[in-house]
Amino acid sequence: MPTVQACLFDLDGVIVDTAKYHYLAWRQLANQLGFDLTLEQNELLKGISRMESLDIILEIGGVKLDEAEKTKLATEKNLRYLELCKQITPDDALPGVRRFLDELRADSIKVGLGSASKNAKTILTNLDMLTYFDTIVDGNRVTKGKPDPQVFLMGAEDLSVAPEYCLVFEDAVAGVQSGNAAGMCTIGIGEQSVLNEADIVIKGFDGVSVDDLFGKLT
Ligand code: G6P
Ligand code: MG
């Protein structure tokens, strides 16, 4: 790929492990409605917006609700989620992420956030990581969820960098597809077997330097 000028990071599962809090909050909602949500089913929700996640959960439970009830449940889930997120501190950034971002900044590579979450700024504030990002595209700005490329295209535009010079870091299948659809190179964070549509898959940032990773991009 051409020289990397910008890196766009997903938040949940890439910068911090919030999936466990989303799971607890969604599971409580499911239990309230009389069914359970497994960890495996929770995987389906990664990278998916709040309301789309609710629709998937209701389908799992075979529950039909009107829009007003859905909005009420989603709001309740979010309050529970935010309560759980209060325990996030700067120490909760995933291993190596902060150092990796420092290296990017030292190399004058622009850094953006591309997340479906409407809580992205709150989480980044709890992590004390807001200042790492030259732009933040979150669930309050996008109108189309991943795998649509909108979130990453908006990030690239904010940073005035053409898509082919952008690198996307994603832990969700829908997120990798979003980056690919944006015409960007994609780095999967997780398992090769799950994220096989990514150009490169790494387990995380621990022990991964910017130079090493960029050297692997062809
Ligand atoms: C991320 C997570 C999803 C979550 C979505 C919306 O993409 O991976 O699990 O549903 O953000 O998050 P929000 O904080 O707005 O409910
Ligand atoms: Mg994610």
Side-chain angles (χ1 to χ4, degrees), residues 7-30 37-60 70-88 92-94 97 112-127 129-130 133 136-152 154-155 167-180 182 184 186-191 194-195 197-198 201-205:
C7 287
L8 300 171
F9 292 82
D10 172 47
L11 175 68
D12 298 303
V14 171
I15 307 278
V16 58
D17 178 19
T18 44
K20 56 188 177 198
Y21 301 138
H22 277 298
Y23 177 58
L24 285 173
W26 281 131
R27 192 176 185 199
Q28 206 172 324
L29 178 145
L37 186 71
T38 65
L39 268 172
E40 205 178 8
Q41 288 163 336
N42 190 56
E43 283 298 306
L44 301 170
L45 312 177
K46 287 191 176 172
I48 306 298
S49 76
R50 195 180 308 162
M51 291 313 285
E52 282 175 296
S53 298
L54 178 59
D55 282 337
I56 294 172
I57 291 166
L58 293 178
E59 205 175 307
I60 289 170
K70 285 205 273 185
T71 305
K72 184 174 161 276
L73 284 180
T75 304
E76 282 172 18
K77 179 268 173 181
N78 193 48
L79 289 174
R80 274 197 298 271
Y81 173 68
L82 282 175
E83 198 53 42
L84 291 164
C85 286
K86 280 187 185 158
Q87 59 198 295
I88 295 175
D92 289 309
L94 286 170
V97 169
L113 191 88
S115 169
S117 175
K118 293 187 171 176
N119 299 306
K121 284 188 183 162
T122 304
I123 311 279
L124 287 178
T125 302
N126 292 358
L127 289 167
M129 289 181 79
L130 260 184
F133 295 89
I136 291 177
V137 184
D138 63 13
N140 299 298
R141 289 184 62 193
V142 294
T143 52
K144 297 173 197 159
K146 298 169 186 176
D148 190 278
Q150 187 191 41
V151 62
F152 293 121
M154 277 173 97
L167 197 56
V168 166
F169 294 83
E170 258 293 349
D171 72 312
V173 175
V176 167
Q177 290 169 340
S178 167
N180 287 340
M184 300 174 184
T186 48
I187 309 291
I189 309 292
E191 296 299 323
V194 179
L195 301 171
E197 291 175 59
V201 179
I202 56 175
K203 294 231 185 280
F205 295 96

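We count ligands from 1, going down the list as the structure has it; atoms in each ligand are counted the same way. Keep in mind it's a predicted model, so treat the numbers as computed, not measured.
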Ranked by distance from atom 1 (C) of ligand 1, the top protein heavy atom is D12 OD2, 3.0 Å
Could you tell me which atoms of ligand 1, counted from 1 in the order shown, lie closer than 4.0 angstrom to a heavy atom of S53?
10 (O)
Keeping N180 on the side-chain end and E197 on the backbone end, is there a donor-acceptor pair under 3.5 Å?
yes
So F169 and F205, would you call those rings parallel, tilted or perpendicular, with 30° and 60° as cut-offs?
tilted
Below the 3.5 angstrom mark, is there an N/O of N119, backbone or side chain, next to an N/O of ligand 1?
yes
pair M154-T143: side-chain heavy atoms closer than 4.5 Å:
no
Test log, rule side chain to side chain contact (heavy atoms under 4.5 Å, CB included), inputs I56 and W26
CA-CA 11 Å; I56 294 172; W26 281 131; over 6 Å; no
Just distances here: any N/O of S117 and N/O of ligand 1 closer than 3.5 Å?
yes
Would you call the rings of H22 and Y81 parallel, tilted or perpendicular, taking 30° and 60° as the class edges?
parallel
Of all the N, O or S atoms in D171, the one nearest to the Mg ion (ligand 2) is OD1
Within the 4.0 Å heavy-atom shell around R50, which atoms of ligand 1 are there?
6 (C), 13 (P), 15 (O), 16 (O)
Of the backbone atoms (N, CA, C, O) and the side-chain heavy atoms from C-beta on, which set of D10 has a member under 4.0 Å from an atom of ligand 1: side chain, backbone, both, or neither?
neither
Could you tell me whether the side chain of Q177 and the main chain of P147 form a donor-acceptor pair under 3.5 Å?
no
Considering only N, O or S atoms of D12, the one closest to the Mg ion (ligand 2)
O
Backbone, side chain, both or neither: what part of K118 comes under 4.0 angstrom of ligand 1, heavy atoms only?
both
Is the side chain of S49 donor-acceptor paired with the backbone N or O of A116 at a distance under 3.5 Å, no angle test?
no
Heteroatom test (N, O or S) for E170 near the Mg ion (ligand 2), limit 2.8 Å:
no
Judged by heavy atoms only, the candidate from A19, G13, G47 nearest atom 7 (O) of ligand 1 is G47
D10, N/O/S atom nearest the Mg ion (ligand 2)
OD2
Can you tell me the protein heavy atom closest to atom 4 (C) of ligand 1 and the distance?
I48 O, 3.2 Å
Near L45, which atoms of ligand 1 are under 4.0 Å from a heavy atom of that residue?
3 (C), 9 (O)
Is it true that, when you exclude E76 itself, more than 12 heavy atoms of the residues, nucleotides or ligands shown sit nearer than 6.0 Å to its CD?
yes
Give the intermediate values and the outcome of side chain to side chain contact (heavy atoms under 4.5 Å, CB included) for residues Q87 and D92.
CA-CA 9 Å; Q87 59 198 295; D92 289 309; over 6 Å; no
